[in-house]
There are 2 protein chains.
Amino acid sequence: MPDVEDAVRSVRRDSRRRQVLDAAVAVMQRTGYHEMSMQALAGEAGVSVGLLYKYFGGKEEILLAAVLDILDSFGDQLAPAMEEAGDDPVERLAAGFRRYVEIIDLDRDAVLLTYRESRTLSPAGRERIKQLEVATAAPLRAALADGVDRGLMRALDPDLVVYDLMLLAHGWALKDWHFAPIYTVEAFVRAQIALMLSGIVAPAHRRRYRHLLEP
Amino acid sequence: MPDVEDAVRSVRRDSRRRQVLDAAVAVMQRTGYHEMSMQALAGEAGVSVGLLYKYFGGKEEILLAAVLDILDSFGDQLAPAMEEAGDDPVERLAAGFRRYVEIIDLDRDAVLLTYRESRTLSPAGRERIKQLEVATAAPLRAALADGVDRGLMRALDPDLVVYDLMLLAHGWALKDWHFAPIYTVEAFVRAQIALMLSGIVAPAHRRRYRHLLEP
DNA sequence: GGCGGGAGTGAATGATCGTTCACTGCAGCT
DNA sequence: AGCTGCAGTGAACGATCATTCACTCCCGCC
């Protein structure tokens, strides 16, 4: 049964790759992409330098893989959280934003990494990052479009608001030296939701969402 | 009169430094800090490599000086624009935000630079960057605090909102691949002001600011 | 006209680092 | 026991680059 052997090989390959990527993220959070030598990465990952080149094409490919890995792990998390919030677009939007900030909070440095090191990537790599970001934001965008359609939200441009929300969520990582001393994650999320929703929810429906609009 | 000679020397020194910093910003926008060799920088600036070390302590000092230079040029621009808007805190806030986005638009790459390369700076350098950012934001913060005090704005935390506004303004540079295809600067500013102010202005005073609240 | 010294030069240096490749060890097969 | 090929190793190579320094040039002054 050669299939079994292939499967075993494939699993081993994946776990080795993850081992290297985890080490890469760790080293890069400590210093940065350019400061990370392949020798240091090999040491952190507990493998030899040569092996890195068996699993990756080179240093930049490791950076791309690491960043995509991070963004991928963000991707599928919003939809489930929004599902739990039920059918109401405003509730869904709030739940999605909350989850997004919570994910970011778990790994603030990873978000910083994507902002800091994107430029060093090839244009093709940057393109994939953008697409992943759009894909992650899609559920939020859908909730916005739905809310506008149903008249629960003012006639805003979902494409504007969804990126505003992404920026504010990223802000929890980008400006954590400003926010972290004065807010907990929970308080930050509540305050941002209250602020943004009062600009988003249609005046006629404000009372219905009082629990979200009061910080 | 030795004072005159000293003054001449000082002016020449400043202009040389600016010449180098301008070249540095240009090269770094094209590639990035780590990709910029001192040889390439010297070529771009039209001076020899050795001269760079007469005017700066080293490569990192050039990076710090370049970033501080950029942020400094942002610093003094908000207050005058807000002065022109009169005494009303809401009008002042809108005018300040508008000016901030306009400055950023003039040099989007410079903003990107500050986000990308901050980490490579020493902690002391990063500290100075944060302080400059706080100083730049101070007039906006003051308008917010004033508006809350006078009851024209809802009882929000100025420290939260002011950084939200900064983040959204930076977003024009950070996410220009998203915003630029669908918005002009003018449209972007109007839409953001309309969105944020409807979350900020106290309900009782909404009518007074209709010209800002309608995109 | 010679001199002091500040401004400017750029080849040489030494260290770092990404990448390569000749090698070892070992698991499974005959 | 011998063979095959895959996983893994790490010293060596070549290129790059920040930094230095011995040098030139020239201006203003005695």
Side-chain angles (χ1 to χ4, degrees), chain A residues 1-24 26-28 30-66 117 120-122 125, chain B residues 1-28 30-67 117 120-122 125:
Chain A
M1 239 193 280
D3 299 349
V4 172
E5 275 174 37
D6 279 6
V8 167
R9 226 198 311 273
S10 169
V11 167
R12 261 213 281 264
R13 238 192 118 69
D14 279 3
S15 100
R16 265 281 191 251
R17 281 179 64 96
R18 204 171 307 274
Q19 176 186 357
V20 171
L21 291 184
D22 287 349
V27 177
M28 286 162 79
R30 232 176 298 131
T31 60
Y33 171 73
H34 290 94
E35 286 73 18
M36 175 185 77
S37 73
M38 295 300 268
Q39 281 81 357
L41 171 57
E44 176 91 12
V47 300
S48 67
V49 177
L51 196 67
L52 298 177
Y53 287 86
K54 302 266 200 232
Y55 285 90
F56 297 92
K59 194 181 176 186
E60 192 182 312
E61 200 180 302
I62 292 178
L63 170 62
L64 178 61
E117 311 294 3
T120 60
L121 255 23
S122 68
Chain B
M1 239 192 280
D3 300 348
V4 172
E5 276 176 35
D6 279 4
V8 167
R9 224 197 314 272
S10 169
V11 167
R12 260 214 281 266
R13 237 191 119 70
D14 280 3
S15 100
R16 265 280 193 250
R17 282 179 64 96
R18 203 172 308 276
Q19 176 186 356
V20 171
L21 290 183
D22 287 348
V25 171
V27 177
M28 286 163 81
R30 234 178 294 129
T31 60
Y33 171 73
H34 295 277
E35 286 72 19
M36 175 186 78
S37 73
M38 296 299 269
Q39 280 83 355
L41 171 57
E44 175 90 15
V47 301
S48 68
V49 178
L51 197 66
L52 298 177
Y53 287 86
K54 302 266 201 232
Y55 285 90
F56 296 93
K59 195 181 175 186
E60 193 183 311
E61 199 180 304
I62 292 178
L63 170 61
L64 178 60
V67 171
E117 312 293 3
T120 60
L121 254 26
S122 66

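Computation of the quantities below employed the complete heavy-atom set of this structure, encompassing side-chain atoms and omitting hydrogens, waters and symmetry-equivalent molecules. We name chains A, B, ... by the order of the sequence lines, and we start the count at 1 in each one.
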Distance in Å, Y33(A) OH paired with L121(A) CG, rounded so as to fall on 0.5 Å steps: 8.0 Å
Pairwise distance NZ(K59(A)) to CE(M36(A)) - rounded to 0.5 angstrom: 5.5 Å
Whole-Å distance between [N] [atom2] and [X] [atom1]?
| X | N | atom1 | atom2 | value |
| --- | --- | --- | --- | --- |
| H34(A) | dT16(D) | NE2 | C1' | 13 Å |
| R17(A) | dA7(D) | CZ | P | 14 Å |
| R13(A) | dC6(D) | CZ | C1' | 11 Å |
| L41(B) | dG10(C) | CG | C1' | 15 Å |
| L52(B) | dC17(D) | CG | P | 15 Å |

Side chain of [X] (C-beta onward), nearest among [options]:
| X | options | value |
| --- | --- | --- |
| S48(B) | dC17(C), dT19(D), dG10(C) | dG10(C) |
| Y55(A) | dG8(C), dA12(D), dA7(D) | dA7(D) |
| Q39(B) | dC17(C), dT9(D), dC17(D) | dC17(D) |
| S37(A) | dG8(D), dG18(C), dT19(D) | dG18(C) |

Whichever of K59(B) and R16(A) has its nearest DNA chain D nucleotide further upstream toward 5': R16(A)
Full working for side-chain hydrogen bond (donor to acceptor under 3.5 Å, both in side chains) between E35(B) and H34(A): CA-CA 9 Å; E35(B) 286 72 19; H34(A) 290 94; 2.9 Å; yes
Along DNA chain C (nearest heavy atom to each residue), the more 5'-positioned of Y33(A) and V47(B): V47(B)
Passing candidate, side-chain contact (heavy atoms from CB on, under 4.5 Å) with L41(B), options V49(B), I62(B), V47(B): I62(B)
